[in-house]
Student: 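Dropping a structure here in structure tokens format, bear with me for questions.
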Amino acid sequence: MTTCVLIVDDRPTNLRIYAQFVTLMGERYSAVTYADPVEALHWLRDNQVDLMVVDYRMPQMNGAEFIRKVRMMPGTSEVPAIVITAHQDRECRLAALDAGATDFLQSPVSHVEFCSRALSLLTKSKKSVTLRQRASETERKHAKIGETTSIEGPSGKSMLEQIIDTIPIMINATDRSGNCLFTNAYQSALFDKDPDEMVGADFASFFEPALAANSRRRNELVLKSGLAIPHYEEKITSDGVDLIFHCNKSPLLNHKGEAIGVLTTAVDITARKFAEEHRTHLALHDMLTGLPNRVLLAENVKSTIDHCKKSNGKAALLLLDLDRFKIINDTRGHHSGDALLREVADRISRVIGSEDFAARIGGDEFAIILNKFDSVDSLNSRCTKILNAINEPYAISGVGQVISASIGVSLIPDDGDEYEEVLRMADLAMYDAKANGRNCHRFFSEDMNDIAQADAALENELRDALSENQFSLEYQPIVDAQTLEYVGLEALIRWDHPIRGRLLPIQFIRVADDSGLMDLLGNWVIGEVCREIKAHADEGIDLPRVAINVSPRQFQNHNLCDELLASIEANGIDPSKITIEITEELLIDNNDEVRATLDRIRSHGVGISIDDFGTGYSSLQYLRDLPANCLKIDRTFISRIEHSAADRAIIGTIAHLAHALGMRVVAEGVENDAQLDLLRISGCDEIQGFQIARPQRAENLRKLFDGRKVDQPSRSAEG
């Protein structure tokens, strides 16, 4: 007899693949395929099926809706249904469970997993059908015997007994010695026996040894106490198939109220148990990697803390964050990024011990609890082992990929005895590892806590400073390398702190960036520069172009371009008066949205300059493809130009490359005449630094831009 598998998926390619998987299961299996779930429902009205494989996301109706409609049809309530979902479809799975789904497969589906799951479900389904058929046949046989004698005769069955035989619940009664007094057809069908064969036999002997021992123990408790044992679960294996039953045991009493036997009932809850366990798994595990999630991490950290307190033991919480993972998502796509995350999760699981714990707590961040280590040295070794495992090359979609990670470590209970506290400390240590070059691990120290507390206080002060208008701008002139005429300005933010005086960006920009205040601060700078250009124009002073530093975080704000152009338009200034300076970090994290934003900004006439060039790791492809028209050489090269032939060669090469790409070259940090002369020879177009002029307050710009030309660099530096 052929076993029929119905496959419903709106993608023809998937239908062909899944149908091929069915043929791999054996000659007895056949597939019926439909791309339209509505047509599949019409087919089901007149045909029977043994298994359904349904894609969740379909245009006509989703997988949950399809299964719900199927379950309303007569004779389909027990047909197993596999739903195919994406890795992150948590809510879809819950909806499918509510509709009556039996199991799930994650797309893309391998033939091994497909065949294994399908055969397992068909085996369990067949077992349930067989039990019902056996019970029905037994009941009909006894009913027929009853008809040949009398309805209430010794060979027949009463109406109550027939009802008991018909219901799909296992029922049996045993005497004080455990011998079977009665069993219904459904119970005897489980053991493939006739009820009459079982009467008088030791009922527990039909079970495997461990289950038999449990049954005898529970019967003794009921007989001894005279009380029922309700609501316990038992796993019973029949013909190699595991079934879960919800059981109850109650005493059988004589007319004196004495317990003379035990009545046991059991309901098959295998399908319901799967749904409950799957719901629990969804709530406590990450859909992509299968690792525990943040909820289960919290439970395990808390229990680890309690255990360490009681046993005077030690443990460690590790926070692991992949380095520059965003680049993989942007350049290779999220599918490759997901595949990499799954492989990282597998490597972490393999390298830690059986007594340890690993979780994915979001994005590319993982947490690990190491429960056993002899010393700090051994803990160092284990962290290094984890990093080495992650550093091994990956083959993602047939393409090689390498990635590293940074780990922060907090010790339990030395660094804290509260979950939130040890997590925060591991987080601080992880960021310290990032700041120290990545691909390493760092232990939490009190210095990190002090820095974090100071940063938190500074963040509050920054918020007050924004609302109280404590910020101002200074402008550093940029001159033509050959004529020394002013050709530009760079806007530099200053914080007029009420207690600490005027603060430079190095003293607060990092905190502004980390806290998310950079958007507000950056928008203020853009608006203030545009207002200054307009205010000077109203006085008849034509300021040269002004460069504005824009942080990578500001590019996460999708309104950056709109806000910049709106400010330019509101002040009625020429867009060419503004240049935005971006860093190589933005190029490293480049994605299509950043590229589109830069293209749009450039198309409106705003200049784009790459700042601090030579200190990052951006590729020449980014330099070629991005719409930049200016390149700033980092001051570290300038500071060594007098004594390093290599640095002079690097600067000359950068200048040549930039000119070939149609970019101006600006050298910043020029501090003496020797540097100036060498930079002119190297091909730099523009110069910026203390040798030319120090940053000027806005009110001093009127003095600088009155048509004067800079005659000598040293004289300009005095301004």
Student: Sort out for me which residue in D427, I407, D364, I361 forms a side chain to side chain contact (heavy atoms under 4.5 Å, CB included) with D321.
Tutor: D364
Student: Does a salt bridge link K235 with E208, judged by any charged N lying under 4.0 Å from a carboxylate O?
Tutor: no
Student: Please identify each residue that fulfils ring-ring contact (aromatic ring centres under 6.0 Å, His included) with Y394, with sequence neighbours left out.
Tutor: none
Student: Under 3.5 Å, is there a donor-acceptor pair between the side chain of T102 and the main chain of A81?
Tutor: yes
Student: Got more than 12 heavy atoms from elsewhere within 6.0 Å of CZ, R68?
Tutor: yes
Student: Check whether any side-chain N or O of N62 sits under 3.5 Å from a backbone N or O of M58 as a donor-acceptor pair, and report yes or no.
Tutor: no
Student: Identify whether the distance between the nearest side-chain nitrogen and carboxylate oxygen of D202 and R216 falls below 4.0 Å.
Tutor: yes
Student: Do the side chains of V32 and C4 get nearer than 4.5 Å, heavy atoms only?
Tutor: yes
Student: Would you say the side-chain atoms of D356 pair up with the backbone N or O of I352, donor to acceptor, closer than 3.5 Å?
Tutor: no
Student: Would you call E113 and R117 a salt bridge, taking side-chain N to carboxylate O under 4.0 Å as the test?
Tutor: yes
Student: Do any N or O atoms from the side chain of R347 and from the backbone of A389 form a donor-acceptor pair under 3.5 angstrom?
Tutor: yes
Student: Could you pull out the closest heavy-atom pair between N293 and H285, with the gap in Å?
Tutor: ND2-N, 3.5 Å
Student: Working to the nearest 0.5 Å, report the span between CD1 of I386 and CG of L320.
Tutor: 7.0 Å
Student: ring-ring contact (aromatic ring centres under 6.0 Å, His included) with F114: which of F21, F104, Y29?
Tutor: F21
Student: Between R294 and A359 (side chain of the first, backbone of the second, donor and acceptor by atom type, cut-off under 3.5 Å), is there such a pair?
Tutor: no
Student: Decide yes or no for V83 and I67: does some side-chain heavy atom of the first lie under 4.5 Å from some side-chain heavy atom of the second?
Tutor: yes
Student: If only atom types and distance count, is the side chain of T289 paired as donor or acceptor with the main-chain N or O of L291 below 3.5 Å?
Tutor: yes
Student: Heavy atoms only: give me the nearest S30-T2 pair and the separation to one decimal.
Tutor: OG-CG2, 3.1 Å
Student: Can you confirm whether the side chains of D306 and S303 place a donor and an acceptor under 3.5 Å from each other?
Tutor: no
Student: E39 and R45: salt bridge (Lys or Arg N to Asp or Glu O under 4.0 Å), yes or no, with the steps?
Tutor: CA-CA 10 Å; E39 293 179 4; R45 292 174 183 172; over 6 Å; no
Student: Could you measure the distance from the CG atom of L560 to the CG atom of D562? Nearest 0.5 Å is fine.
Tutor: 9.0 Å
Student: Any idea which heavy atoms bring R71 and A99 closest together, and the distance?
Tutor: CG-O, 3.6 Å
Student: When you compare the side chain of L105 with that of D103, does any pair of heavy atoms fall below 4.5 Å?
Tutor: no
Student: Tell me whether H281 at atom NE2 has more than 12 heavy atoms from other residues, nucleotides or ligands lying less than 6.0 Å away.
Tutor: yes
Student: To the closest 0.5 Å, what do you measure between CD1 (I348) and CZ (R360)?
Tutor: 11.0 Å
Student: Can you find a heavy atom in the side chain of V262 that is under 4.5 Å from one in the side chain of N172?
Tutor: no
Student: Verify, without hydrogens or angle tests, whether S120 (side chain) and S116 (backbone) share a donor-acceptor contact under 3.5 angstrom.
Tutor: no
Student: Quick one: CD1 on I84 to CG on N14, what's the gap to the nearest 0.5 Å?
Tutor: 7.0 Å
Student: Are L6 and V53 side-chain neighbours, meaning at least one heavy-atom pair lies under 4.5 Å?
Tutor: no
Student: Does any non-hydrogen side-chain atom of K69 lie less than 4.5 Å from one of M61?
Tutor: yes
Student: Are a donor atom and an acceptor atom from the side chains of S188 and K193 found within less than 3.5 Å of each other?
Tutor: no
Student: Does E220 use its side chain to pair, donor to acceptor, with the backbone of S215 at less than 3.5 Å?
Tutor: no
Student: Counting heavy atoms not belonging to M72, are there more than 12 under 6.0 Å from its CE?
Tutor: no
Student: Atom CG of N214 and atom CG of N219: how far apart are they, to the nearest 0.5 Å?
Tutor: 11.0 Å
Student: If you compare all heavy atoms of N47 against all heavy atoms of W43, which two are closest, and at what distance to 0.1 Å?
Tutor: ND2-O, 2.8 Å
Student: Aromatic rings F191 and F207: how do their planes relate, parallel, tilted or perpendicular, breaks at 30° and 60°?
Tutor: perpendicular
Student: Would you compute the distance between atom CD1 of I305 and atom CG of N300 and round it to the nearest 0.5 angstrom?
Tutor: 11.0 Å
Student: Closer than 3.5 angstrom, by distance alone: can the side chain of N371 be matched with the main-chain N or O of E355 as a donor-acceptor pair?
Tutor: yes
Student: I'd like to check Q20 versus T23 (side-chain heavy atoms, cut-off strictly below 4.5 Å). Are they in contact?
Tutor: yes
Student: Going by the angle between their ring planes, with limits at 30° and 60°, are H278 and F274 parallel, tilted or perpendicular?
Tutor: parallel
Student: Looking only at heavy atoms, which two atoms of A19 and I7 are closest? And how far apart?
Tutor: N-CD1, 3.6 Å
Student: Any idea which heavy atoms bring L243 and D268 closest together, and the distance?
Tutor: CD2-OD2, 4.3 Å
Student: Any donor-acceptor pair under 3.5 Å linking the side-chain atoms of T85 with those of R93?
Tutor: yes
Student: Anything under 3.5 Å between a donor and an acceptor, one on a side chain of residues 399-406, the other on a protein residue two or more places apart or in another chain? List them.
Tutor:
unit_1: Q401; atom_1: OE1; unit_2: R332; atom_2: NH1; d: 2.8
unit_1: S404; atom_1: OG; unit_2: D323; atom_2: OD2; d: 2.7
unit_1: S406; atom_1: OG; unit_2: D323; atom_2: OD1; d: 2.8

Student: State whether E420 and R424 are salt-bridged, where the test is any N-O pair (Lys NZ or Arg NE/NH1/NH2 against Asp/Glu carboxylate O) under 4.0 Å.
Tutor: no
Student: Is the closest basic N to carboxylate O distance between E418 and K302 below 4.0 Å?
Tutor: no
Student: Say whether, by atom type as modelled, one donor and one acceptor occur between the side chain of S250 and the main chain of L263 under 3.5 angstrom.
Tutor: no
Student: With side chains defined as the heavy atoms from C-beta onward, is the minimum distance between P37 and E65 less than 4.5 Å?
Tutor: no
Student: Is E343 salt-bridged to R350, cutoff N-O under 4.0 Å?
Tutor: yes
